[in-house]
Amino acid sequence: MEIGVSKIDAQHKKLLDLVNEFYANLKDKEYNENVGKLLQGLIEYTEYHFDFEEKLIRQYVPEQIDQQIKSHRYFTDEIKDLKAKLDSGKNILSLKITKLVKDWLINHIQGLDREYVAPLKEKKGAL
């Protein structure tokens, strides 16, 4: 899952750790409370990570920024929608959340994120 940019790789690891924590808590008796906290943590961390990544891409690989923003907003909107449903008392399937997050992260990191690595590494000081 590493793309070769140490700061981004560390942030991706944190995102995957959040997904793993979420998955580990699926069996907990206090499901809704835990899911709500984990979703909020995921929202906050992805917003931090996406902001960092977008600034880096905008500065060094601006031709790829539109795709990144579109992909980031899609993911953020999906997670916020799930959190809103949970907060309103609707049941949401934890496995659906886990699959959405895991699949999106893997596809995004191995797809779009890998596309900016080579041009980013060509720029002196970008890493």
Side-chain angles (χ1 to χ4, degrees):
M1 292 292 289
E2 292 183 355
I3 63 169
V5 179
S6 60
K7 287 183 180 180
I8 299 293
D9 286 338
Q11 291 174 12
H12 286 164
K13 183 183 181 314
K14 173 68 176 173
L15 286 171
L16 292 171
D17 288 345
L18 287 168
V19 172
N20 289 334
E21 181 182 352
F22 178 82
Y23 188 73
N25 280 284
L26 290 179
K27 297 177 184 173
D28 196 304
K29 293 177 183 176
E30 308 209 352
Y31 170 77
N32 283 345
E33 183 179 331
N34 286 336
V35 171
K37 287 179 185 177
L38 292 168
L39 283 174
Q40 186 60 41
L42 186 60
I43 290 166
E44 291 170 7
Y45 195 78
T46 54
E47 287 176 342
Y48 161 77
H49 167 67
F50 293 162
D51 182 60
F52 178 87
E53 192 174 61
E54 288 169 13
K55 284 178 183 173
L56 193 65
I57 293 167
R58 187 173 278 113
Q59 182 176 359
Y60 294 102
V61 195
E63 64 276 9
Q64 294 187 18
I65 192 64
D66 291 340
Q67 283 183 299
Q68 286 285 338
I69 289 173
K70 182 178 178 181
S71 182
H72 291 167
R73 294 310 165 260
Y74 166 80
F75 181 75
T76 303
D77 289 348
E78 288 293 310
I79 298 302
K80 286 180 178 179
D81 183 56
L82 289 169
K83 176 77 166 71
K85 286 177 181 174
L86 182 70
D87 290 347
S88 71
K90 292 183 181 175
N91 288 330
I92 56 174
L93 298 174
S94 54
L95 291 175
K96 178 183 177 182
I97 297 168
T98 305
K99 182 171 175 27
L100 166 78
V101 173
K102 183 182 122 201
D103 289 351
W104 185 89
L105 282 174
I106 290 169
N107 290 329
H108 182 79
I109 292 168
Q110 292 180 345
L112 280 179
D113 283 357
R114 288 201 185 279
E115 291 177 17
Y116 73 73
V117 173
L120 182 66
K121 286 184 173 184
E122 290 176 10
K123 310 288 182 171
K124 186 175 177 133
L127 305 176

Next item on the list: Determine, stepwise, if the pair F75 / V101 fulfils side chain to side chain contact (heavy atoms under 4.5 Å, CB included).
Entry: CA-CA 8 Å; F75 181 75; V101 173; 4.1 Å; yes

Notebook entry, point to check: Can you find a heavy atom in the side chain of Q11 that is under 4.5 Å from one in the side chain of Y45?
Noted result: yes

Item checked: Reported CD1-to-CD distance for the pair I65 and E53, which is rounded to 0.5 angstrom -> 8.5 Å

Notebook entry, point to check: Which atom names give the shortest non-hydrogen contact between E115 and Q67, and what distance separates them?
Noted result: OE1-OE1, 3.9 Å

Checklist line | Spatial distance of atom CG (D81) from atom NZ (K85) [nearest 0.5 Å] | finding: 4.5 Å

Margin query: Looking only at the side chains, is there a donor atom on one of H49 and H72 sitting less than 3.5 Å from an acceptor on the other?
Written below: no

Notebook entry, point to check: Can you tell me if CZ on F52 sees more than 12 non-hydrogen neighbours from other groups inside 6.0 Å?
Noted result: yes

Notebook entry, point to check: How many angstroms lie between CG in D9 and CD1 in I3, if you round to the nearest 0.5 Å?
Noted result: 5.5 Å

Check: When rounded to the nearest 0.5 angstrom, what is the spacing between OG1 in T76 and CD in E47?
Finding: 6.0 Å

Notebook entry, point to check: Which of these, V61, L56, L112, sits in a side-chain contact (heavy atoms from CB on, under 4.5 Å) with Q68?
Noted result: L112

Note to self: Does E78 have more than 12 heavy atoms from other residues, nucleotides or ligands lying within 6.0 Å of its CD?
What the structure shows: yes

Check: Looking at side-chain heavy atoms only, is the closest gap between V5 and H12 below 4.5 Å?
Finding: no

Next item on the list: Using the side-chain contact (heavy atoms from CB on, under 4.5 Å) rule, pick out the option among L16, D113, T46 that qualifies with L105.
Entry: L16

Next item on the list: Walk me through it: do L100 and L82 pass the test side chain to side chain contact (heavy atoms under 4.5 Å, CB included)?
Entry: CA-CA 11 Å; L100 166 78; L82 289 169; 3.7 Å; yes

Note to self: Ring-plane angle category for W104 and H108, please: parallel below 30°, perpendicular beyond 60°, tilted otherwise.
What the structure shows: parallel

Item checked: Full working for salt bridge (Lys or Arg N to Asp or Glu O under 4.0 Å) between D17 and K13 -> CA-CA 6 Å; D17 288 345; K13 183 183 181 314; 3.2 Å; yes

Item checked: Distance (rounded to the nearest 0.5 Å) between L39 CG and D87 CG -> 8.5 Å

Margin query: Which heavy atom of G4 sits nearest to which heavy atom of K121, and what is that distance?
Written below: O-CE, 3.3 Å

Check: At what distance, to the nearest 0.5 angstrom, does CG of D51 lie from CZ of R58?
Finding: 8.5 Å

